[in-house]
Asks: 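One structure follows; several queries about it will come next.
In this text the structure is predicted, and so the values were computed from the model without any measurement. Residue numbering restarts at 1 for every chain, and letters A, B, ... go by the order of the sequence lines.
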There are 2 protein chains.
Amino acid sequence: MVLPTKFDWEKLQQFCIEIFEKNGLSNKDATTVSESLVQANLRGVDSHGVVRTSIYIKRVEEGLINPEAEIAMEQEKGAVTLLNGQNHFGAVVGTKAMNMAIRKSKKYGAALVGVKGSNHFGTGAYYALKAIEQDTLLIVVSNASQTMPPTGGVRPFLGTNPLAVGVPAGKEQPFVLDMATSVVARGKIIVAAQKNEEIPLGWAIDCNGTETTDAQAALDGSVLPLGGAKGYGISMFIDILSGVLTGAGFGKYVNNMYENWNDPQNVGHFFIAIDINQFMPVDQFKSRMDLYIQEIKAEPKAPNVKEIFIPGEIEKRIEEERKKNGIALPEKLVEEFIQLGEKYGLNFLSTEWTGHAANGSEKETIK
Amino acid sequence: MVLPTKFDWEKLQQFCIEIFEKNGLSNKDATTVSESLVQANLRGVDSHGVVRTSIYIKRVEEGLINPEAEIAMEQEKGAVTLLNGQNHFGAVVGTKAMNMAIRKSKKYGAALVGVKGSNHFGTGAYYALKAIEQDTLLIVVSNASQTMPPTGGVRPFLGTNPLAVGVPAGKEQPFVLDMATSVVARGKIIVAAQKNEEIPLGWAIDCNGTETTDAQAALDGSVLPLGGAKGYGISMFIDILSGVLTGAGFGKYVNNMYENWNDPQNVGHFFIAIDINQFMPVDQFKSRMDLYIQEIKAEPKAPNVKEIFIPGEIEKRIEEERKKNGIALPEKLVEEFIQLGEKYGLNFLSTEWTGHAANGSEKETIK
């Protein structure tokens with residue numbers, strides 16, 4: 001049997017919802033987690049997509065994620081709230097925190113929600129895009145387990161602690177920044193190692209702390225923060241906000257999702273929501289954003305550059321293509337999903353992409 | 001006559017205060033501006049130090065900075081305030097915004113103050129350090145006039161829009177991040193060009209948009225954002241927060257302090273102050289910061305690295321040294337100060353620039 005290689009995003013999401021429901025999540029929470037994962041695939045961020053389903057489930061099975069936890073409010077004063085995720089799914093905790101930040105920003109002009117006791121929360125863009133739907137400017141950061149050295153160090157100490165920002169625009173695409181604080185994703189180094197290719201100097205150090213072009217030596221060492229000491233500083237700041245300030249883990253106290261099978265992750269997040277209307281009418285703001293974006297895109301281009309992109313614009317185009325033509329999944333992942341489906345009495349192969357596309361030639365069939 | 005080359009920071013600050021007073025600033029405001037400049041020199045950031053005195057004064061003389069402006073509150077709701085600097089000195093406007101953010105953060109748990117109609121506000125660290133004195137966590141950003149292209153562009157569009165963060169610690173030095181969003185300061189490229197040295201690939205592009213190692217070609221072109229598209233995204237986000245949202249200039253609408261003699265700069269800033277006590281008792285937070293910093297500093301070091309530094313730590317050491325031994329100023333700047341003094345009836349050379357140095361050999365004398 002030739003396995004299908006492309007999958008319909010809605011069917012894939014429904015499959016994930018059912019899998020998560022079988023693992024104790026309410027339908028609402030299962031939808032949140034699945035939507036976050038499938039959206040990452042749609043936007044081309046496959047590293048944060050449905051590939052994470054099985055590790056999430058494994059951590060539930062091991063009692064390291066609690067799908068029925070009651071997220072607790074530990075502090076609340078004015079514009080500031082501290083939530084304890086009580087070890088629920090990161091995307092569920094993050095969504096609650098984001099909704100609270102957006103809601104309270106309407107009352108106080110802005111609202112900050114710190115989170116401790118959480119888990120890997122998916123992409124920051126997921127929250128940024130939700131806030132944009134509500135005409136809210138959102139800044140969100142999270143810490144993560146150790147992958148990067150401090151500047152001058154030789155081994156992982158900081159996470160690639162991501163920063164995401166969502167800003168609505170008018171006629172133009174919204175501004176959606178979602179970036180790790182490393183030079184590149186570790187995934188790119190893994191690919192280079194598989195292909196036996198060199199990596200550029202400046203991406204990573206070997207286990208002795210020396211910069212290397214050897215992809216395998218880089219994997220045995222550490223990926224570097226972006227921009228040297230600057231990225232180190234930003235990553236550290238995100239750890240302070242997400243971890244030190246909230247009471248979550250920080251540095252080595254954020255546990256690795258793949259390696260630590262004794263303790264919950266204790267990831268921390270931090271959300272800042274700003275009600276644009278407190279500064280100017282939102283329509284006026286959107287017109288200013290449109291002008292800004294149009295002026296950037298109209299700038300003269302460097303040789304071989306066809307278009308200047310706004311953060312989030314490339315991902316939006318990938319999303320349009322994948323919604324139309326399906327999400328490609330590697331064979332190994334397809335086999336994993338088939339087994340996962342069998343375990344929970346679900347048929348993964350029914351999620352095959354059969355095409356919303358006008359062009360029937362895109363259709364994939366099982367032979 | 002041999003000119004002195006090192007200057008006592010307090011006497012230098014007093015000279016600047018008197019110069020600014022002669023230009024219409026109140027003693028309080030003159031002190032703020034001078035303190036901001038001299039602190040930059042003390043911390044080794046000479047590009048943002050007293051070298052800026054004459055350009056500030058020239059803009060006052062041309063009516064492009066108003067030293068007597070009434071800074072206006074345009075919007076206020078809960079935790080959010082919008083100030084119009086009315087074209088006052090940037091450091092005066094920034095200090096007012098910072099104080100307001102800190103004060104309101106005690107009431108609302110956190111406070112955000114956006115600023116429009118301002119000017120170059122000195123270093124972000126100036127505000128971060130003030131907030132730290134009050135046990136407050138501060139994030140501050142500002143936009144700036146055009147120096148960097150968007151990723152894929154060939155000419156300056158964005159400013160090197162800085163990000164600064166101040167976080168108090170206990171026994172350890174506080175965390176003081178203050179960084180431009182460019183790969184390097186343009187000043188480093190100027191120095192390389194003067195020495196006829198090459199610059200590393202990745203620092204800058206020439207005027208055709210091609211990466212260059214030729215320092216002069218780089219000066220004729222643009223310095224690049226740190227970390228490629230990531231730095232472009234961060235810089236753009238800072239411009240959105242400081243400029244698009246506040247009603248200040250953004251992109252090309254932030255005027256160059258040195259080149260535009262028709263219009264005020266209309267710089268925008270954005271301050272976020274967080275009351276640490278809303279998350280946990282500040283002493284507990286400081287203990288966590290101390291642990292975090294100690295653990296980073298104890299990390300194994302890369303070859304030829306003697307010490308791992310926390311952001312702001314190197315600057316603190318330079319400050320200690322310069323407070324003791326004086327601030328070195330280049331001859332050209334000393335001559336400029338002599339002339340400036342003569343213009344305003346102050347004798348720059350009448351000051352005995354002997355420093356506090358315990359070591360008498362540091363003493364400079366005028367012959």
Side-chain angles (χ1 to χ4, degrees), chain A residues 75 77-80 82 107-110 112 114 137 149-155 157 165 167 175 177 179 183 205 208-210 226-227 230-231 233-234 236-237 240 244-247 250-252 272 274-276 278-280 285 288-289 292 295-296 299-303 305 307-309 311, chain B residues 75 77-80 82 107-110 112 114 137 149-155 157 165 167 175 177 179 183 205 208-210 226-227 230-231 233-234 236-237 240 244-247 250-252 272 274-276 278-280 285 288-289 292 295-296 299-303 305 307-309 311:
Chain A
Q75 302 269 359
K77 177 176 178 176
V80 165
L82 174 62
K107 182 169 178 189
Y108 294 103
L112 286 68
L137 194 157
T151 298
V154 301
R155 65 178 187 186
F157 182 93
V165 178
V167 185
F175 174 94
L177 180 68
M179 50 171 272
V183 176
I205 53 175
N208 299 313
T210 306
L226 84 142
K230 293 185 180 188
I234 297 175
M236 196 178 161
F237 162 57
I240 290 170
V244 182
L245 182 64
T246 64
F250 54 86
K252 69 180 176 189
I272 302 176
I274 300 176
D275 181 14
I276 292 163
Q278 296 316 314
F279 290 91
M280 65 178 66
F285 174 79
R288 284 167 70 88
M289 281 298 293
Y292 188 48
E295 286 183 348
I296 291 180
E299 275 294 289
K301 286 170 269 301
V305 172
E307 185 172 358
I308 293 173
F309 292 102
Chain B
Q75 302 269 358
K77 177 178 179 176
V80 165
L82 174 61
K107 181 168 179 190
Y108 294 104
L112 286 69
L137 194 158
T151 298
V154 301
R155 65 178 187 186
F157 182 92
V165 178
V167 185
F175 175 94
L177 179 69
M179 50 171 273
V183 175
I205 53 175
N208 300 313
T210 306
L226 84 141
K230 292 184 180 188
I234 297 175
M236 195 178 162
F237 161 57
I240 291 170
V244 181
L245 182 64
T246 63
F250 54 86
K252 70 180 176 188
I272 302 176
I274 301 176
D275 181 14
I276 292 163
Q278 295 316 314
F279 289 90
M280 64 178 67
F285 175 78
R288 286 167 70 88
M289 280 299 292
Y292 187 49
E295 287 182 349
I296 291 180
E299 276 293 289
K301 286 171 269 297
V305 172
E307 185 173 358
I308 294 173
F309 292 101

Asks: Can you see which heavy atom on A:Pro150 is nearest to which on B:Ile296, and at what distance?
Replies: CB-CG2, 3.9 Å
Asks: With a 4.5 angstrom heavy-atom cut-off, could you sort out which part of B:Ile205 is near chain A: side chain, backbone, both or neither?
Replies: neither
Asks: For A:Gly233 versus B:Pro311, what's the shortest heavy-atom pair and its separation?
Replies: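 Shortest heavy-atom separation between A:Gly233 and B:Pro311 comes out as CA-CG, 3.9 Å.
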Asks: Checking heavy atoms, do the side chain of A:Val154, its backbone, both or neither come under 4.5 Å from chain B?
Replies: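 Interface part for A:Val154: both.
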Asks: By a 4.5 Å heavy-atom criterion (distance strictly below it), what part of B:Pro300 contacts chain A: side chain, backbone, both, or neither?
Replies: both
Asks: With sequence neighbours excluded, what pairs up with A:Gln278 under the side chain to side chain contact (heavy atoms under 4.5 Å, CB included) test?
Replies: A:Asp275, B:Lys77, B:Val80
Asks: Identify the two heavy atoms, one from A:Ala110 and one from B:Ala79, that lie closest to each other, and give their separation to 0.1 Å.
Replies: O-CB, 4.4 Å
Asks: If the plane angle is over 60° it's perpendicular, under 30° parallel, otherwise tilted; pick one for B:Phe175 and A:Phe237.
Replies: parallel
Asks: For chain A, which of B:Gly114, B:Gly152, B:Gly209 has the most heavy-atom pairs under 4.5 Å?
Replies: B:Gly152
Asks: Out of B:Val305, B:Leu245, B:Leu137, which one racks up the most heavy-atom pairs below 4.5 Å with chain A?
Replies: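 Highest number of heavy-atom pairs under 4.5 Å: B:Leu245.
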Asks: Would you say the side chain of B:Gln75 lies within less than 4.5 Å of the side chain of A:Phe279, judging by non-hydrogen atoms?
Replies: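 Heavy-atom side-chain distance check fails, nothing below 4.5 Å.
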Asks: Flag the one option from A:Tyr292, A:Tyr108, A:Phe309 with the top tally of heavy-atom pairs under 4.5 Å to chain B.
Replies: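 Of the candidates given, the most pairs with chain B belong to A:Tyr292.
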Asks: Heavy-atom distance under 4.5 Å between the side chains of A:Val183 and B:Lys230, does that happen here?
Replies: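 No. Closest side-chain heavy atoms not under 4.5 Å.
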Asks: Please identify, among A:Met179, A:Glu307, A:Lys107, A:Lys301, the residue contributing the most non-hydrogen atom pairs under 4.5 Å to chain B.
Replies: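 The answer is A:Met179.
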Asks: Could you tell me which residues satisfy salt bridge (charged side-chain N to carboxylate O under 4.0 Å, His left out) with A:Arg155, sequence neighbours excluded, listed by chain and number?
Replies: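 A:Arg155: salt bridge (charged side-chain N to carboxylate O under 4.0 Å, His left out) contacts with B:Glu299.
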Asks: With respect to chain B, which residue among A:Thr210, A:Val165, A:Val167 yields the maximal number of heavy-atom pairs within a distance under 4.5 Å?
Replies: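 Maximum pair count with chain B is reached by A:Val165.
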Asks: Is the closest side-chain heavy-atom distance between A:Leu82 and B:Met280 below 4.5 Å?
Replies: no
Asks: Measure A:Leu177 against the heavy atoms of chain B and call it side chain, backbone, both or neither at under 4.5 Å.
Replies: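 Interface part for A:Leu177: side chain.
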Asks: Rounded to the nearest 0.5 Å, how far apart are CD1 of A:Ile240 and CZ of B:Phe285?
Replies: 6.5 Å
Asks: At a 4.5 Å cut-off on heavy atoms, which part of B:Val244 comes close to chain A: side chain, backbone, both, or neither?
Replies: both
Asks: Would you say A:Ile308 and B:Thr151 make side-chain contact, with heavy atoms under 4.5 Å?
Replies: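 A side-chain contact under 4.5 Å is absent here.
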Asks: Name the option with the most non-hydrogen atom pairs under 4.5 Å to chain A; the candidates are B:Gly231, B:Gly227, B:Pro303.
Replies: B:Pro303
Asks: Checking B:Leu112 against chain A: side chain, backbone, both or neither under 4.5 Å from a heavy atom?
Replies: side chain
Asks: Measuring only between side-chain heavy atoms, which start at C-beta, is A:Ile272 closer than 4.5 Å to B:Ile272?
Replies: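 Yes, side chains in contact.
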Asks: Under a 4.5 Å heavy-atom cut-off, does chain B meet the side chain of A:Lys252, its backbone, both or neither?
Replies: side chain
